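Being a predicted model, the structure only gives us computed values, none of them experimental. Each chain gets a letter, A, B and so on, in the order the sequences are listed, and its residues count up from 1.
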There are 2 protein chains.
Amino acid sequence: MRENKFMTIYEDVVANIQSGQLRPNTKLPSENELVEQYETSRETIRKALNLLSQNGYIQKMKGKGSFVLDVSRFDFPISGLVSFKELAEKLGHESHTVVEEFGLIKPDEELRTQLHVTSKDTVWKVVRAREIDGERIILDKDFFNKKFVPHLTEDICRGSIYEYLEKEVGLKISFAKKEISVDELTEDDRHYLDLKEYEHIVVVRNYVYLDDASLFQYTESRHRLDKFRFVDFARRGV
Amino acid sequence: MRENKFMTIYEDVVANIQSGQLRPNTKLPSENELVEQYETSRETIRKALNLLSQNGYIQKMKGKGSFVLDVSRFDFPISGLVSFKELAEKLGHESHTVVEEFGLIKPDEELRTQLHVTSKDTVWKVVRAREIDGERIILDKDFFNKKFVPHLTEDICRGSIYEYLEKEVGLKISFAKKEISVDELTEDDRHYLDLKEYEHIVVVRNYVYLDDASLFQYTESRHRLDKFRFVDFARRGV
DNA sequence: AAGTGGTCTAGACCACCAT
DNA sequence: TGGTGGTCTAGACCACTTC
């Protein structure tokens with residue numbers, strides 16, 4: 001009984017949709033019926049249903065009911081804050097990470113503005129090449145303020161840094177701002193990636209914030225043009 | 001008194017943030033204080049605050065209070081479901097639209113899968129080149145199922161089709177799925193756009209759904225590499 | 001008229017934070 | 001200890017859809 005009630009209900013319904021027990025285009029039980037099924041109040045049921053709606057699982061229709069959306073087409077590659085490791089595992093690809101650079105640096109002017117640090121701060125710099133199906137197609141450059149991440153090793157970087165920070169260090173990631181653009185190649189790109197004949201590269205700049213709204217990480221994820229894909233689900237208005 | 005209470009409060013706070021009355025990193029009044037200010041119940045206040053949090057305006061901290069963020073609201077280029085016209089106006093650029101193709105077609109196989117229509121359906125096809133600051137840099141290809149859009153004119157397409165559909169036809173757009181990738185140039189791209197030396201183009205595929213979860217529009221928005229930018233704000237977990 | 005989801009209320013208990 | 005946001009409850013009225 002550790003979890004919230006509404007989250008338990010949400011996860012239960014998601015499981016039922018993904019297992020096929022609740023099929024696309026069929027109607028969910030009404031809110032009042034769910035109140036009885038889960039022995040809870042209507043507002044709690046509505047909290048769970050609103051979460052399902054936001055995440056693209058159901059469509060609510062006034063006077064009619066809630067209907068299961070055909071979510072099978074929604075295979076979220078990079079949407080949200082999913083890390084490379086989670087992503088590769090989800091898609092079932094053969095993936096490999098090479099740590100190309102690792103260490104503490106003094107931030108230059110560009111990085112100081114991006115990470116909101118001063119020249120007195122020290123910053124972790126991690127550069128990793130991502131190999132999928134035998135080709136090096138993604139270059140991740142991560143910068144962490146040492147104030148939030150006192151200790152880091154090359155070995156941790158070979159795995160998932162996020163997993164380490166959340167589970168071991170106990171940092172709580174709250175939100176992120178993502179910017180996607182297409183840039184010209186840099187020396188590093190040519191040096192660390194298998195680029196074919198391409199002249200440009202897709203750059204995803206990620207600003208990651210903690211629970212207390214402090215910026216603790218800046219990441220540049222550089223993707224080879226032909227392998228880049230981003231999927232987004234958005235609701236209009238509320 | 002037409003609007004919802006929580007939406008009125010939300011818009012009021014947004015206005016206060018944007019006007020500078022509520023400054024970044026300052027604390028909002030507590031929920032109980034807001035209850036008194038707005039003469040409403042706490043759940044209604046919380047509904048407004050959750051909306052502010054989701055949209056990146058504030059950060060809520062248990063035991064401390066809600067704080068104004070300064071992260072977001074710079075410039076949201078394509079995030080959400082903003083149309084080209086809204087976007088150009090927001091950024092204050094000189095923009096111009098040329099309708100290159102307009103008419104009813106029978107969908108080919110590719111389009112039939114994308115729009116979920118059969119060969120018996122008729123589909124509006126609209127191709128528009130978007131000129132910003134004197135350069136033609138975006139090519140929008142829109143396809144509407146005629147079932148939902150019985151009437152359409154070239155003149156409407158020169159303005160905002162969305163505005164026409166929502167205000168005149170009364171269609172209620174509910175959600176959309178967006179896919180971003182980088183493709184090779186097509187004949188149309190070379191023909192209708194000012195492309196410089198680029199060999200590739202950023203393609204945003206947009207699947208737009210109505211209130212009743214029916215797919216009514218498929219759009220391909222093709223952006224010249226150097227002019228493309230996408231910004232996204234995402235919260236972790238709930 | 002009956003059922004549905006959308007909004008709102010008034011109150012309760014909890015976990016967390018500051019003091 | 002008092003204030004804060006997070007969760008949950010039980011009930012009410014409304015607008016919309018269906019019969």
Just the rounded figure in Å: distance from [atom2] of [N] to [atom1] of [X].
{"X": "A/Arg42", "N": "C/dG5", "atom1": "CZ", "atom2": "C1'", "value": "6 Å"}
{"X": "A/Asp211", "N": "D/dG6", "atom1": "CG", "atom2": "P", "value": "10 Å"}
{"X": "B/Glu43", "N": "D/dG5", "atom1": "CD", "atom2": "P", "value": "13 Å"}
{"X": "B/Ile45", "N": "D/dT4", "atom1": "CD1", "atom2": "P", "value": "13 Å"}
{"X": "B/Glu36", "N": "C/dA10", "atom1": "CD", "atom2": "P", "value": "12 Å"}
{"X": "B/Phe6", "N": "C/dT9", "atom1": "CZ", "atom2": "P", "value": "12 Å"}
{"X": "B/Lys5", "N": "D/dA12", "atom1": "NZ", "atom2": "P", "value": "18 Å"}
{"X": "A/Glu31", "N": "D/dC16", "atom1": "CD", "atom2": "P", "value": "17 Å"}

Point to revise | Bending between helix ends of the helix from C/dA1-D/dT18 to C/dA18-D/dT1 [5 pairs per end, 10° resolution] | key: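 For the helix from C/dA1-D/dT18 to C/dA18-D/dT1, the axes at either end differ by 0°.
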Using side-chain heavy atoms (C-beta onward) and a distance below 4.5 Å, is [X] in contact with [Y]?
{"X": "B/Arg112", "Y": "B/Ser119", "result": "yes"}
{"X": "B/Phe144", "Y": "B/Ile161", "result": "yes"}
{"X": "B/Gln59", "Y": "A/Ser174", "result": "yes"}
{"X": "B/Asp140", "Y": "B/Val127", "result": "no"}
{"X": "A/Phe143", "Y": "A/Thr219", "result": "no"}

**Study point:** Minimal non-hydrogen separation, B/Tyr57 against B/Ile17, with atom names
**Key:**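 The answer is CB-CD1, 4.0 Å.
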Exercise for review: Taking all heavy atoms of A/Val126 and all of A/Arg128, pick out the closest pair and write down the distance.
Suggested key: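 Between these two residues, the closest heavy atoms are CG1-CG, 3.7 Å.
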Review point. Has B/Arg46 got a side-chain N or O lying under 4.0 Å from the OP1 or OP2 atom of D/dG6?
Key: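 Yes, B/Arg46 has a side-chain N/O under 4.0 Å of OP1/OP2 on D/dG6.
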Minimum-distance nucleotide to [X] side chain [options: [options]]:
{"X": "A/Thr44", "options": "D/dT7, D/dT9, C/dA10", "value": "D/dT9"}
{"X": "A/Ser41", "options": "D/dC8, D/dT7, C/dC8", "value": "D/dC8"}
{"X": "A/Asn4", "options": "D/dT7, D/dT9, C/dT9", "value": "D/dT7"}

Exercise for review: To the nearest 0.5 angstrom, please state how far the NZ atom of B/Lys178 sits from the CG atom of B/Asn206.
Suggested key: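 Output value for this atom pair is 4.0 Å.
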Practice item. Kindly write out the residues that satisfy ring pair (Phe, Tyr, Trp, His ring centres under 6.0 Å) with A/Tyr207, not counting sequence neighbours, or none if the list is empty. Key: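 A/Tyr207 satisfies ring pair (Phe, Tyr, Trp, His ring centres under 6.0 Å) with A/Tyr218 once adjacent residues are dropped.
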**Study point:** Close approaches to DNA chain C from residues 59-66 of chain A, in residue order (heavy atom, under 4.0 Å)
**Key:**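 Within residues 59-66 of chain A, the residues near DNA chain C are A/Lys60, A/Met61, A/Lys62, A/Gly63, A/Lys64, A/Gly65, A/Ser66.
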